[in-house]
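Please read all numbers here as calculations on a predicted model, not as lab measurements.
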Protein chains: 2
Amino acid sequence: MATGRTHRPATRSRGIPEATVARLPLYLRALTALSERSVPTVSSEELAAAAGVNSAKLRKDFSYLGSYGTRGVGYDVEYLVYQISRELGLTQDWPVVIVGIGNLGAALANYGGFASRGFRVAALIDADPAMAGKPVAGIAVQHTDELESIISDNGVSIGVIATPAGAAQQVCERLVAAGVTSILNFAPTVLSVPDGVDVRKVDLSIELQILAFHEQRKAGEEAAQDAAQAGATAPAPARASRVLPDAAATPATAATGPATGAATAPVASADARDNQGPDGDVPAVMPA
Amino acid sequence: MATGRTHRPATRSRGIPEATVARLPLYLRALTALSERSVPTVSSEELAAAAGVNSAKLRKDFSYLGSYGTRGVGYDVEYLVYQISRELGLTQDWPVVIVGIGNLGAALANYGGFASRGFRVAALIDADPAMAGKPVAGIAVQHTDELESIISDNGVSIGVIATPAGAAQQVCERLVAAGVTSILNFAPTVLSVPDGVDVRKVDLSIELQILAFHEQRKAGEEAAQDAAQAGATAPAPARASRVLPDAAATPATAATGPATGAATAPVASADARDNQGPDGDVPAVMPA
DNA sequence: ATGCCTTTGTGAACGCGTGCACAAAGATGG
DNA sequence: CCATCTTTGTGCACGCGTTCACAAAGGCAT
């Protein structure tokens with residue numbers, strides 16, 4: 001899952017809880033698959049299994065939309081597909097611009113999921129003049145200078161930012177000023193936007209770090225368990241390879257006085273991070 | 001944000017709430033930026049602003065890690081960077097494999113954020129024999145046949161799935177069988193995994209659909225407001241361009257009897273979706 | 001040394017989301 | 001037409017996460 005949720009915190013939009021909204025696309029996907037297999041009806045139990053959620057939760061979610069089921073039978077697949085699509089606004093055609101056509105931007109432009117559900121890539125925009133005119137995914141890349149006119153000419157309200165972190169906030173401001181009110185941000189930065197603008201964030205690095213946390217915890221428990229069992233089975237070495245020297249769990253220098261700022265921190269690969277702008281930028285060059 | 005959270009629901013891992021864990025990478029990024037600017041200390045207020053969260057929340061988050069602040073002063077940047085890194089398991093080196101080297105997989109392989117924080121791309125794996133040996137991001141792509149040996153030889157515990165939806169579950173099972181216990185899934189499918197395996201999902205399509213929902217709601221409110229103001233200002237046409245005929249809000253055919261399965265559903269671009277497997281698959285070809 | 005001022009750490013209240021469990025509703029078979 | 005069986009829709013309780021508000025803690029100036 002992406003890490004989004006830079007949302008209006010409380011405001012329950014039109015009575016439908018945010019958590020439910022986030023699951024509707026999941027249901028829609030499962031329903032679409034059923035529809036393609038010409039399945040006429042589906043029970044909450046079956047659909048919940050397909051979507052990977054609890055059936056009670058699914059029924060409650062649907063109850064926010066209305067009473068669309070038939071007791072003793074289940075839900076009509078086609079009808080539900082329509083209702084959810086309408087609720088999500090997918091019966092409209094949403095023009096989308098992608099800003100930053102590096103590796104990721106190009107991949108997004110080619111992503112089938114965009115076009116498949118009412119989303120249409122209206123334009124690809126990049127700051128590099130050398131990119132201008134180049135076709136990516138069948139669409140000619142346009143220069144950032146034309147951003148404002150592209151937005152207003154096409155009535156774009158959804159923008160995707162796939163630029164390096166450093167450029168994201170500026171691009172964001174231009175998008176918002178031009179009329180964009182929803183932004184999907186792939187750059188590893190916190191965007192600040194005025195009220196009324198929705199931002200969702202997808203951050204690969206954060207997802208990996210969360211996984212690493214759980215992985216470490218699992219390794220720790222495993223080790224504790226192994227220790228408790230006094231090596232009945234093979235020692236099962238912790239899976240992570242290079243473990244740091246674990247220099248004094250508490251760097252005394254930094255603990256008390258404000259560190260002079262130099263690299264006293266024993267963080268892994270702190271050096272490798274330095275020569276690349278703040279954090280993991282999206283490289284702008286395509287691979288071989 | 002990605003849509004993940006296919007997690008152990010309750011189990012508060014080592015006392016640290018899941019929500020807090022998800023924010024730690026955010027704090028870490030902000031702290032790293034401060035560290036590079038040689039800022040010695042930072043208050044919860046400042047850091048919270050940089051991370052885009054409430055300062056009380058930040059303090060409570062940190063309180064789960066321990067008492068690392070100094071009252072009246074704030075937090076020592078270097079020290080906190082180290083503590084969070086350690087808590088997240090980033091003082092270790094995590095070898096990662098990426099399966100599915102299409103557009104997205106290649107973009108991920110080139111993604112700077114991977115290497116920057118203890119994550120090392122150990123191998124790129126693709127099912128297409130024609131890809132085998134080709135260098136992507138400086139690493140030669142290997143064939144799926146070698147998946148198991150790659151995992152065990154490198155002690156890989158984290159896998160990234162960037163395959164088309166159809167192949168994802170199978171790849172997932174092979175990864176898990178080979179010893180992977182954490183998976184970052186970019187394929188638009190619900191993966192089923194045994195207990196003890198963590199899955200996080202990143203789904204671009206879902207993020208867009210959530211944005212579309214809010215966008216539609218905003219447009220609706222705006223329209224209602226305009227109607228209330230009786231067109232004092234310019235009519236401000238709803239931003240979405242092509243609006244469907246809105247055929248009878250209730251497709252009567254499907255409402256009562258189980259539809260015959262054929263396309264009665266007035267869903268936008270239902271046709272465009274058909275010739276591409278269930279939902280938005282990740283195209284396997286690179287762009288021009 | 002003493003008092004003031006800043007900032008942390010946390011107790012407590014609140015609200016949202018989840019899951020249980022069951023009554024109501026409707027289909028289905030006799 | 002009635003009985004039975006399936007499945008929905010939801011009232012209720014519980015737990016997690018968020019936020020407020022404040023007391024304790026420490027630096028700093030005098």
Side-chain angles (χ1 to χ4, degrees), chain A residues 1 3 5-24 26-27 39-49 51-77 79-80 83 210 255-258, chain B residues 1 3-24 26-27 39-49 51-77 79-80 83 255-258:
Chain A
M1 88 178 128
T3 326
R5 186 64 67 91
T6 316
H7 258 297
R8 59 199 64 215
T11 341
R12 175 175 296 199
S13 334
R14 146 83 186 287
I16 301 181
E18 188 61 28
T20 295
V21 173
R23 280 188 296 267
L24 289 182
L26 225 57
Y27 302 145
V39 177
T41 61
V42 65
S43 72
S44 65
E45 205 70 49
E46 295 168 315
L47 186 55
V53 302
N54 183 300
S55 70
K57 194 188 299 188
L58 179 143
R59 287 198 299 277
K60 182 150 290 192
D61 283 343
F62 285 175
S63 77
Y64 290 115
L65 308 183
S67 280
Y68 294 154
T70 307
R71 295 172 193 238
V73 176
Y75 299 91
D76 182 276
V77 172
Y79 184 57
L80 208 46
Q83 289 297 345
I210 296 174
T256 48
Chain B
M1 96 170 141
T3 328
R5 182 69 62 94
T6 317
H7 258 297
R8 58 200 62 214
T11 342
R12 176 176 297 199
S13 334
R14 148 83 186 290
I16 301 181
E18 189 60 29
T20 295
V21 173
R23 279 188 294 267
L24 289 182
L26 226 55
Y27 303 145
V39 177
T41 61
V42 65
S43 72
S44 65
E45 204 72 48
E46 294 169 316
L47 186 54
V53 302
N54 184 302
S55 70
K57 194 188 298 187
L58 179 142
R59 286 199 299 275
K60 180 146 287 191
D61 283 342
F62 285 174
S63 79
Y64 290 115
L65 308 183
S67 281
Y68 293 154
T70 307
R71 295 170 194 239
V73 176
Y75 298 92
D76 183 277
V77 172
Y79 184 57
L80 207 47
Q83 289 297 344
T256 49

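Mapping Gly69(B) and Ala56(A) onto DNA chain C by nearest heavy atom places Gly69(B) closer to the 5' end of the strand.
Thr20(A) comes within contact range of no nucleotide atom at all, as no heavy-atom separation falls under 4.0 Å. When heavy atoms are screened at a 4.0 angstrom cut-off, Phe62(A) is found touching no nucleic acid atom at all.
In this structure, Tyr68(B) does not reach the dT7(C) phosphate: none of its side-chain N or O atoms is under 4.0 Å from OP1 or OP2. Residue Ser44(A) places at least one side-chain N or O under 4.0 Å from the OP1 or OP2 atom of dT8(D). OP1 and OP2 of dG17(D) both lie 4.0 Å or more from every side-chain N or O belonging to Asn54(B).
Looking at Leu65(B) and Ile16(B), their side chains come closer than 4.5 Å, going by heavy atoms from C-beta outward. A heavy-atom distance below 4.5 Å is not found between the side chains of Glu46(B) and Tyr75(B).
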Protein-to-nucleotide contact annotation, 5' to 3' order, nucleotides 24-30 of chain D [B base; S sugar-phosphate only; - none; under 4.0 Å, heavy atom]: BB-S---
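Within the model, atoms CG of Asn54(B) and NZ of Lys60(B) stand 11.0 Å from one another, a figure rounded to the nearest 0.5 Å. To the nearest 0.5 Å, the span separating OH on Tyr27(B) from OG1 on Thr20(B) amounts to 7.0 Å. In this structure, the separation between CG on Leu47(A) and OG1 on Thr41(A) is 11.0 Å, given to the nearest 0.5 Å. Distance OG/Ser44(A) to NZ/Lys57(A): 13.5 Å, rounded to 0.5 Å.
Taking every side-chain heavy atom of Ala19(B) into account, dG17(D) is the closest of dG17(D), dT10(D), dT8(C). Listed nucleotides: dG17(C), dT8(D), dG9(C). Nearest to the side chain of Pro17(A): dG17(C).
Judged by distance alone with a 3.5 Å cut-off, no donor-acceptor contact links the side chain of Lys60(B) to the base of dT18(D). No hydrogens or angles were tested; on distance alone, nothing pairs the side chain of Lys57(B) with the base of dG17(D) as donor and acceptor under 3.5 Å.
Atom CG of Leu80(B) is separated from atom C1' of dT8(C) by 13 Å (rounded to the nearest Å). Counting to the nearest Å, the C1' atom of dC20(C) and the CZ atom of Arg59(A) are 10 Å from each other. Protein atom CG of Asp76(A) is 15 Å distant from nucleotide atom C1' of dA27(C), rounded to whole Å. Regarding Tyr64(A), its OH atom lies at a distance of 8 Å from the C1' atom of dG17(C), rounded to whole Å. At whole-Å resolution of the value, CZ in Arg23(A) and P in dC16(C) are 15 Å apart. Between Tyr75(A) atom OH and dT7(D) atom C1' the separation is 9 Å, expressed in whole Å. The nearest whole Å value for the distance from the CG atom in Leu47(B) to the C1' atom in dT8(C) is 13 Å. Distance Leu58(A) CG to dG19(C) P: 12 Å, rounded to the nearest Å.
Aromatic pair Phe62(A)/Tyr68(A): ring centres not closer than 6.0 Å.
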Worked check of side-chain contact (heavy atoms from CB on, under 4.5 Å) between Ile210(A) and Glu18(B): CA-CA 9 Å; Ile210(A) 296 174; Glu18(B) 189 60 29; 4.1 Å; yes
